[in-house]
Number of protein chains: 2
Amino acid sequence: MIKLIKPTKVFKALADDTRLRIVNLFLKERSLCVCEIVDALRIPQYQISKHLSVLRNAGLLDFEKRGTWAYYFIKIDEPLNRILFSFLGKYLKNEIFQQDIMALENRLILRENGKCIVGLVSQGELLKMIKEKAGQVL
Amino acid sequence: MIKLIKPTKVFKALADDTRLRIVNLFLKERSLCVCEIVDALRIPQYQISKHLSVLRNAGLLDFEKRGTWAYYFIKIDEPLNRILFSFLGKYLKNEIFQQDIMALENRLILRENGKCIVGLVSQGELLKMIKEKAGQVL
DNA sequence: TATCTATATGCACATACAGGCATGTATTAT
DNA sequence: ATAATACATGCCTGTATGTGCATATAGATA
């Protein structure tokens, strides 16, 4: 059974600063686990979970569980979503969106084989872990 | 001074059934007076006025007064708006949006030289006036 | 088994906002 | 000058929703 989404529902989902910041992250990396989003945006985990649920309910995201981890991903399979995300890519250019992308890029350095392997990481720990990682590479 | 529009503000403006129906009308006819919108959607004038104000405040519409009449028009001059409206054209395809367009087309028959020359018109009157108009054309 | 850990959710509170009604304002018509 | 018309706006009310806090759930680990 196909779930019909009302346009209003989609726009309601996008009508929130935090949710736009979340969507912005997915434009950079189309699959993210919850803790990566929490660390990149520095917003409480329970808020992120709720916002992800709204975005999923609007048909913009879907998710998949792997153990305790939950990977959310954008539904670019739907043609209209593709157009919408393409628009958002041009639209979300404010400073904060770019800062979020930079924070995410740092966080993604901790991935192994393209998968998140750590949980929530504080700002300070993140820097330490990135340095260690750099040491391993050398 | 250029007014900066926050993305959230735009999506909030679009996150309402009535406002989406209004925008839909402008995708068909890019300049409309308030009474034409009221008649096409059959929604109280004070509601339409408020919604138009929200859309204008979000940078999607602008308006121009001609006597007591107020003509609102979509701001397609802004590149991002153009993309957004193009998306909406593909997105607003539900039955109600099509019905609204049909109602608007009927109402636009009453225009003279491309301008609205009547005020609020009831359903019944509209039909009568359209018939008269058809008579004139013959 | 017991304990972390990653994520989700229920509840309380405050705020935002759409709808309804009445009324205000400004322009036109008589 | 008065009335009618086109549109805007202020106030009230109910509902929806974002935030914060606490807690639940479920999988991983020791």
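Just so it is clear: chains get the letters A, B, ... in the order the sequence lines come, proteins before strands, and each one is counted from 1. These numbers come from a predicted model, not from an experiment.
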Is the distance from OP1 or OP2 of D/dA8 to the nearest side-chain N or O of B/Tyr72 less than 4.0 Å?
-> yes

Main-chain N/O of A/Cys116 paired with A/Tyr71 side-chain donor or acceptor, under 3.5 Å = yes

Between the side chain of B/Asn106 and the main-chain N/O of B/Ile130, is any donor-acceptor distance below 3.5 Å?
-> no

State the CG-NZ distance between B/Asn94 and A/Lys6, to the nearest 0.5 angstrom.
-> 8.5 Å

Identify which nucleotide among C/dA8, D/dC7, D/dT9 has an atom closest to any side-chain atom of B/Lys50, counting heavy atoms from C-beta outward.
-> D/dT9

B/Phe63 has its side chain closest, among D/dA8, C/dA8, C/dA18, to D/dA8

Using whole Å, report how far CG of B/Leu55 lies from P of C/dA18.
-> 10 Å

What orientation do A/Phe87 and B/Phe11 show, parallel under 30°, tilted 30 to 60°, or perpendicular over 60°?
-> perpendicular

For atom NZ of A/Lys28, decide whether the heavy atoms of other residues, nucleotides or ligands shown that lie under 6.0 angstrom number more than 12.
-> no

A/Lys65 NZ to C/dA6 C1', straight-line distance once rounded to whole Å | 7 Å

Going by heavy atoms closer than 4.0 Å, what residues in residues 36-49 of chain A are next to DNA chain D?
-> A/Tyr46, A/Gln47

A/Glu29 bridged to A/Arg107 by N-O distance under 4.0 Å | no

Joint hydrophobic cluster, B/Tyr46 plus B/Leu120, side-chain heavy atoms closer than 4.5 Å | no

Considering the options B/Ile76, B/Ile74, B/Val23, B/Val10, which one meets the side-chain contact (heavy atoms from CB on, under 4.5 Å) requirement together with B/Leu84?
-> B/Val10

To the nearest angstrom, how far is B/Asn57 atom CG from D/dT9 atom C1'?
-> 14 Å

Step through the shown structure and confirm whether more than 12 heavy atoms of other residues, nucleotides or ligands are within 6.0 Å of NZ on B/Lys128.
-> no

Contacting residues from residues 12-21 of chain A, given that a heavy atom lies under 4.0 angstrom of DNA chain D | A/Lys12, A/Asp16, A/Thr18, A/Arg19

Roughly, in whole Å, what's the span from CG in B/Leu120 to C1' in D/dA8?
-> 13 Å

Value in whole Å for how far the P atom of C/dT5 lies from CD1 of A/Ile117 = 15 Å

CD of B/Glu64 versus P of C/dA26: gap in Å, rounded?
-> 19 Å

Tabulated below should be each protein N or O lying under 3.5 Å from an N or O of nucleotides 27-30 of chain D; please produce it.
none

In terms of hydrophobic clustering (I, L, V, M, F, W, Y; side-chain heavy atoms under 4.5 Å; direct or indirect links), are B/Tyr72 and B/Val54 co-clustered?
-> no

Tell me whether the OP1 or OP2 atom of D/dT19 has a side-chain N or O from A/His51 closer than 4.0 Å.
-> yes

Determine yes or no for a side-chain-to-main-chain donor-acceptor pair under 3.5 angstrom, with B/Asp62 supplying the side chain and B/Lys75 the backbone.
-> no

